[in-house]
2 protein chains.
Amino acid sequence: MKTVSRVINKEPSVRKKTYDVVMEAVNELNYQPNLAARNLAGTSSFTVGLVYDNPNAYYVIDMQNGVLSRCKDEGYELVIHPCSYADDNMEQDIKTMIKRSRLAGLVLTPPLSEQSSITNMLDELNIHYVRVLSGRPTDEDQDTCIYVNDYKAAYEITSHLLSLGHKNIGFICGDKEHKSTSERLEGYKAALADHDTPANSDFIYDGKYSFESGVEGAKTLLANDNKLAISAILGGNDEMAAGALFASRLMGIQIPEQLSITGFENSPFSRQTWPKLTTAHQENDVISQHAARLLFTKTRGARNQDKDIITSFTPSIVVRDSSGPKL
Amino acid sequence: MKTVSRVINKEPSVRKKTYDVVMEAVNELNYQPNLAARNLAGTSSFTVGLVYDNPNAYYVIDMQNGVLSRCKDEGYELVIHPCSYADDNMEQDIKTMIKRSRLAGLVLTPPLSEQSSITNMLDELNIHYVRVLSGRPTDEDQDTCIYVNDYKAAYEITSHLLSLGHKNIGFICGDKEHKSTSERLEGYKAALADHDTPANSDFIYDGKYSFESGVEGAKTLLANDNKLAISAILGGNDEMAAGALFASRLMGIQIPEQLSITGFENSPFSRQTWPKLTTAHQENDVISQHAARLLFTKTRGARNQDKDIITSFTPSIVVRDSSGPKL
DNA sequence: AGTTAAAATGACAACGCTGTCAATCTTCTA
DNA sequence: TAGAAGATTGACAGCGTTGTCATTTTAACT
């Protein structure tokens, strides 16, 4: 029995021949180790959690699927945990989940991954976790974080607009609390600065990553001064860009002839607007797969050395029809 | 110890006083029963599965959250299982999941809930399940199915268009394999028939529930004969309606002045098109909550009599700006 | 071949609960 | 107030694994 356990867990010191015999029987009987028993008996469990507070269904599904695909490979089970940081019980909730399911580790996604109250709690509980974060990679934290370089992506998308001849470029920010907001904003500012076109605070609108705030943002930016000053708007995400598009239509503005609009994230509905949105593509499923792999190296210890884990991703620009040369 | 177990499981024959004492201690110690141990020891486990094969992220998230909220209340854990019926291993996959996690039951969502190969397999394994189905409620199966009356909703949305004066109404179907497609189509036909406006097969396009097929559908329907014959298009879902909207723009058709377009499902992006879509609202989170409750009555047996479970839902029409009177 | 160290396997308890069945306590009746 | 019936509680095994440690087998030496 113990030998079968060794084979299943790929422990060393099992003779090749024994290994083969066991595996043959495993296949023949279609043996599936009982997760509950493994979780109960073992030192570390085979269950990990995915924590998110994100209204973007596409994002969440991508993250889930990425983590899930690795879980399947490694024999782990996934417990999903949507929550709301507006909720006072959030931390207690997470704690409860960890205890109930005896989680081996957690994947934290933005914006929760930015909350030190959560990471502190996890540190106290001595639970492994991996954070998916908007930000530029640092030398430390390489083994705890997966970075999404929104700064660079925003820099590039702004550069794209600049190269099309736009000078007065509006920016619709997401929620202030989100790290991605400041990262994207800084990338935008840096690109402008590098083109000797300093950012104008009148061109920056504080939104909320929602369609509605995109609508408001465009209305505000375009109303603030004469309409023609701004010839391009960079949406902090696709949803707000779609909102800006919507507002522009209401105002009778032609896209992209009179105004270029770009999004961020390349979520499916950036392809379902008219015209389709130029945006920055973020490979969320790949990102979350790497997050899961990184987590597994920690929970399983040295058992699986997974060396080619990428810990930094830069979204790549996808040029579509919502951006065009300044006329 | 056993008494604590009784209290936790709300078993009868525990004295009120004992119950209170135990609960006090439970609260004080913040005791969380270990799920793995419960799953291992008990007759039925505390884990249920949610199986889906649906490209609509909003739908999936709603279903997840609904089931999850009930799971939390009842102390169950949820294992999500996205899969693809195009995949030959699908059934084996589900079987494996059931065995590994020792599932107490499953919630099946369309289109998988329509596959008899799956339900047969589950019957053989003697696993409880609840199916969420597109269809009109029948007297049997009240305890195994949650019906979403797409027929009636399509009837009503078609009636809405008819009452606006439209006579030639196009219909863009979803995948043929989906029950919802035929239900919605029949509702559409029935409404037409009741208004002495027999359905014209030239006005029906076989789509795929995707944005792209909505684009194709509108192009085809509007090109087939002279553009003005059709004054309204009913999209089989919001995505196709958005596609139809997109195509109409490309063709320079004004919505809703020249053409009314309606969707189905009321997914978030039906609010993010321009103009916003008239659609049929489906309360997926509520539906999935009831599905979960129905499942729990089966897995927990008579222990929790949950009598006010609704097993039939009819999406309600939401009139927005994409539909208007025929000019 | 005989010895020793290392590799491989096996025996057994333990993980934290629940089901079964026995023991105890309450309540009610005569 | 004894006795019976029923309500409540408790003792104990067992769920299917893994960790620990003992035992056996193999390999590597004189």
Side-chain angles (χ1 to χ4, degrees), chain A residues 1-26 29-48 74-77 79 96-105 126-127 296 299-304, chain B residues 1-26 29-48 74-77 79 96-105 126-127 296 299-304:
Chain A
M1 241 172 76
K2 179 61 202 184
T3 299
V4 173
S5 170
R6 290 197 179 90
V7 170
I8 296 290
N9 290 292
K10 296 207 177 26
E11 286 176 36
S13 76
V14 174
R15 212 182 314 175
K16 176 81 172 65
K17 194 178 138 203
T18 317
Y19 180 92
D20 291 339
V21 172
V22 171
M23 283 311 282
E24 193 179 334
V26 163
L29 301 170
N30 191 241
Y31 168 76
Q32 286 297 330
N34 177 318
L35 242 171
R38 295 177 96 187
N39 285 346
L40 188 58
T43 311
S44 104
S45 88
F46 284 84
T47 305
V48 294
E74 305 278 337
Y76 276 75
E77 180 171 84
V79 173
T96 303
M97 164 184 66
I98 292 171
K99 206 164 165 189
R100 270 174 44 87
S101 297
R102 208 160 158 279
L103 295 190
N126 225 318
I127 296 281
F296 293 149
T299 60
R300 293 277 88 190
R303 222 174 258 178
N304 66 342
Chain B
M1 238 173 78
K2 179 61 201 184
T3 299
V4 173
S5 170
R6 288 197 180 90
V7 170
I8 296 290
N9 291 291
K10 297 205 176 28
E11 286 177 36
S13 78
V14 174
R15 211 182 313 174
K16 176 81 173 63
K17 194 179 138 202
T18 318
Y19 180 92
D20 291 340
V21 173
V22 171
M23 282 312 280
E24 193 180 335
V26 163
L29 302 170
N30 192 240
Y31 167 76
Q32 286 297 331
N34 177 317
L35 242 170
R38 297 226 274 177
N39 285 346
L40 189 57
T43 311
S44 105
S45 87
F46 283 84
T47 305
V48 294
E74 305 277 337
Y76 276 75
E77 181 170 85
V79 174
T96 302
M97 165 184 68
I98 292 172
K99 206 165 165 188
R100 270 174 43 88
S101 297
R102 207 160 158 279
L103 295 191
N126 225 318
I127 296 280
F296 293 150
T299 60
R300 294 276 88 189
R303 223 175 259 178
N304 66 342

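Judged by distance alone, the side chain of B/Thr299 and the main-chain N or O of B/Gly105 form no donor-acceptor pair under 3.5 Å. Using modelled atom types, one side-chain atom of B/Lys99 and one backbone atom of A/Asn30 make a donor-acceptor pair closer than 3.5 Å.
Among all heavy-atom pairs drawn from A/Ala104 and A/Ser44, the shortest one is CB-OG, 4.5 Å. The heavy-atom pair separating A/Ser45 from A/Leu103 by the smallest distance is OG-C, 3.8 Å.
Within the 4.5 Å cutoff, no side-chain heavy atoms of A/Val79 are placed close to those of A/Arg100. Side chains of B/Val7 and B/Met23 form a contact here, defined as non-hydrogen atoms less than 4.5 Å apart. Looking at B/Arg38 and B/Ile8, their side chains come closer than 4.5 Å, going by heavy atoms from C-beta outward.
Rounded to a whole Å, the CG atom of B/Asn39 is 12 Å from the P atom of C/dC17. The separation between B/Leu35 atom CG and C/dT18 atom C1' is 14 Å, rounded to whole Å.
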(Q) Treating primed atoms plus P, OP1 and OP2 as sugar-phosphate and everything else as base, which nucleotides of nucleotides 9-18 of chain D get B, S or - for protein heavy atoms under 4.0 Å? (A) BBB--BBBBB

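In terms of the salt bridge (charged side-chain N to carboxylate O under 4.0 Å, His left out) criterion, residue partners of B/Lys16 (sequence neighbours excluded) are, by chain and number, B/Asp20.
Overall, the helix from C/dA1-D/dT30 to C/dA30-D/dT1 carries an axis bend of 30° between its ends, with five pairs at each end and the value rounded to 10°.
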